[in-house]
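Here is the structure we will look at, set down as structure tokens.
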Amino acid sequence: MTTHSRFVIAGGGLAAAKLAEALRANDFDGTVHLICAEERLPYERPPLSKDCLLGKKTPEDAIVDPAQWYRDHHIEVLLGTTVTAIDRAANTVALPDGTTLNYDKLALATGSRPRKLPIPGSDATGVYTLRNAEDTEALLEMFRAARRLVVIGAGWIGLEVTAADRNAGLEVTVLESLAVPLQNALGPEMGAVFAQLHRDHGVDLRCETRVAEIVTADGRATGVKLADDTVIDADAVLVAVGARPNIELAADSGLATDGGVLVDESLATSDPDIVAIGDIADQQHPLLGQRIRVEHWANALNQPAVAAATMMGKQAVYDRLPYFFTDQYDLGMEYTGYVAPGQDARVVVRGDLGKREFVAFWLDSGNRVLAGMNVNVWDVTERIKELILSGEPVDPERLADTSAPL
């Protein structure tokens with residue numbers, strides 16, 4: 001790439017910051033514009049629902065690179081602004097003030113936003129979501145003032161906030177529409193483990209529950225009304241019913257989308273001058289042989305190196321297995337691999353389920369390992385990866401035998 005090349009990164013999260021790093025690490029010496037919607041430098045999001053809510057870190061501790069790094073590496077950072085439109089024919093992006101930026105290559109790292117509940121009261125004061133640093137700061141203030149919290153949704157964010165709430169001494173009721181928490185992510189057997197974990201820590205977990213409205217008084221949330229007219233009183237309500245990828249910018253410009261921005265193995269979109277990374281990237285995965293879109297930290301961390309190479313005209317393929325982790329109370333977990341929601345898979349447990357010290361494996365009908373989850377068992381992620389990548393059938397009984405080496 002020549003010095004006059006201009007790259008634009010639309011997005012201000014971990015993926016955007018790591019892409020800027022990767023471009024400079026690969027000796028790209030052109031102009032880089034990093035366009036961040038928030039008035040903060042890019043930061044990592046996992047601490048927001050974990051260490052920050054537990055008071056172990058502040059959102060500032062999660063910043064990826066300090067301002068000086070961007071200055072030293074000549075990255076033009078535009079805070080508090082967004083790309084409003086892409087003109088692919090002219091290779092320009094429009095900004096809210098009416099100005100445009102030319103680009104030779106464009107990266108979309110626009111992330112996602114919390115899903116809203118289409119029910120009465122969802123916009124009331126005292127109704128929270130968690131996506132950014134401001135949300136975390138608002139929740140910490142709420143912790144100090146509230147006594148009773150209702151969490152709508154028992155996914156990762158809902159459960160991590162619940163654990164932090166219980167740590168802060170709040171009474172917490174969790175409402176989930178499915179039979180167990182995390183059912184779509186982990187299936188019924190492992191979802192039950194997390195249900196018991198939270199009940200053991202004093203959470204009132206109610207599954208297969210339908211929420212009708214958030215009850216309000218003078219514009220402030222005072223509780224949640226269920227479909228059977230039960231009312232659960234609350235000082236605050238957290239809505240944690242998933243995230244929606246910010247693909248409107250891509251779709252409006254005519255890029256191929258289908259629930260995410262469609263990208264190939266190299267993370268290129270249907271326009272060879274544009275890549276997409278992070279939450280929005282719906283990738284044709286070379287190892288899994290299917291399209292997957294993963295809203296997890298590891299993608300934001302690792303995809304940018306491949307995207308940087310692609311933008312610079314080099315050959316690169318993103319072939320890492322999906323990976324995510326959670327920390328709730330005294331439970332630490334890592335998950336490697338991919339099982340589609342609702343996919344028929346047999347779960348084999350290696351270790352002590354009751355003590356919550358085990359590794360769970362998901363096997364297909366041919367006894368090949370699709371994914372593995374280690375709970376309070378460490379230093380096994382590489383072994384799990386090897387089992388998945390081998391593509392070889394395993395003996396389920398031997399896999400469950402802790403005396404047999406992985």
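Basis for what follows: all heavy atoms, side chains included, without hydrogens, waters or symmetry-related copies.
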Task: CA sep, side-chain torsions, deciding dist, call: Leu108, Leu255, side-chain contact (heavy atoms from CB on, under 4.5 Å) - done: CA-CA 11 Å; Leu108 301 180; Leu255 291 175; 3.8 Å; yes
Under 3.5 Å: donor-acceptor pair, side chain of [X], backbone of [Y]:
X      : Y      : answer
Arg88  : Ser253 : yes
Asn376 : Gly332 : yes
Asn374 : Trp378 : no
Arg115 : Ala243 : yes
Arg291 : His285 : no
Gln343 : Val339 : no
Glu44  : Ala62  : no
Asp319 : Leu287 : no
Thr99  : Leu95  : no
Asp61  : Lys57  : no

Inter- and intrachain pairs under salt bridge (charged side-chain N to carboxylate O under 4.0 Å, His left out), touching [range], at least two apart:
range            : answer
residues 322-331 : none
residues 137-153 : Arg40-Glu137, Arg147-Glu171, Arg148-Asp235
residues 256-265 : none
residues 91-102  : none

- [ ] Look at the aromatic rings of Tyr329 and His201 and report parallel, tilted or perpendicular, splitting at 30° and 60°.
- [x]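 Parallel.
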TODO: Could you check whether the rings of Phe324 and His296 sit parallel, tilted or perpendicular, using 30° and 60° as the cut-offs?
DONE: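 The rings of Phe324 and His296 lie parallel, inter-plane angle below 30°.
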Considering only heavy atoms from C-beta outward, does the side chain of [X] approach that of [Y] to under 4.5 Å?
X      : Y      : value
Ile214 : Lys225 : no
Phe325 : Pro46  : yes
Tyr43  : Leu14  : no
Asp204 : Val174 : no
Met373 : Met333 : yes
Pro96  : Thr82  : yes
Leu363 : Val369 : yes
Val348 : Glu397 : no

Where [X] and [Y] come nearest, the two heavy atoms and their spacing:
X      : Y      : result
Pro322 : Leu288 : CD-CD1, 4.1 Å
Cys207 : Val180 : SG-CA, 4.0 Å
Gly158 : Leu238 : CA-CD2, 4.5 Å
Val64  : Glu21  : CG1-OE2, 3.7 Å
Ile280 : Pro245 : CG2-CB, 4.1 Å
Ser122 : Leu117 : OG-O, 3.3 Å

TODO: List the steps and the verdict of side-chain contact (heavy atoms from CB on, under 4.5 Å) for Val377 and Val380.
DONE: CA-CA 7 Å; Val377 174; Val380 294; 4.2 Å; yes
Open item on the list: Please report whether the ring centroid of Phe28 lies less than 6.0 Å from that of Phe7.
Closed with: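 Centroid distance Phe7-Phe28: below 6.0 Å, so yes.
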Open item on the list: Centre-to-centre under 6.0 Å for Trp362 and Tyr335, is that the case here?
Closed with: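 Under 6.0 Å, so yes.
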Look up atom [atom1] in [X] and atom [atom2] in [Y], then write down how far apart they are to the nearest 0.5 Å.
X      : Y      : atom1 : atom2 : result
Leu79  : Cys36  : CG    : SG    : 5.5 Å
Thr209 : Leu226 : OG1   : CG    : 6.0 Å
Thr100 : Asp87  : OG1   : CG    : 9.0 Å
Glu76  : Ile9   : CD    : CD1   : 12.0 Å
Thr173 : Asp233 : OG1   : CG    : 9.5 Å
Leu53  : Asn167 : CG    : CG    : 10.0 Å

Open item on the list: Tell me whether the count of non-hydrogen atoms from other residues, nucleotides or ligands lying under 6.0 Å of CD in Gln315 goes above 12.
Closed with: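 Counting neighbours around CD of Gln315, 12 or fewer heavy atoms of other residues, nucleotides or ligands fall under 6.0 Å, so no.
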Task: Greater than 12 external heavy atoms within 6.0 Å of Asp228's CG - done: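 Check passes, neighbour count above 12.
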- [ ] Tell me, please, which residues at least two apart from His73 pass ring pair (Phe, Tyr, Trp, His ring centres under 6.0 Å).
- [x]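 His73 satisfies ring pair (Phe, Tyr, Trp, His ring centres under 6.0 Å) with Trp69 once adjacent residues are dropped.
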Task: Side-chain H-bond candidate by donor/acceptor type, Asp279 with Ser112, under 3.5 Å - done: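 Yes, side-chain donor-acceptor contact under 3.5 Å.
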- [ ] Under the side-chain hydrogen bond (donor to acceptor under 3.5 Å, both in side chains) rule, collect the residues that match up with Gln196, sequence neighbours excluded.
- [x]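 Residues passing side-chain hydrogen bond (donor to acceptor under 3.5 Å, both in side chains) with Gln196: Asp200.
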Open item on the list: Using side chain to side chain donor-acceptor pair (under 3.5 Å), reason through Arg6 and His33 one step at a time and then give a plain yes or no.
Closed with: CA-CA 8 Å; Arg6 182 190 295 263; His33 286 280; 2.9 Å; yes
State plainly whether the residues [X] and [Y] are in salt-bridge range, i.e. N to O under 4.0 Å.
X      : Y      : value
Arg24  : Asp65  : no
Glu189 : Arg346 : no
Asp135 : Arg131 : no

Open item on the list: Go through it in stages, so that I can follow the logic: the residues are Arg220 and Thr216, the test is side-chain contact (heavy atoms from CB on, under 4.5 Å), and I'd like the CA-CA distance, side-chain angles, deciding distance and then a yes or no.
Closed with: CA-CA 5 Å; Arg220 172 170 283 280; Thr216 62; over 6 Å; no
- [ ] Test Leu399 against Phe361 for side-chain contact (heavy atoms from CB on, under 4.5 Å), laying out the working first.
- [x] CA-CA 9 Å; Leu399 188 64; Phe361 294 93; 3.6 Å; yes
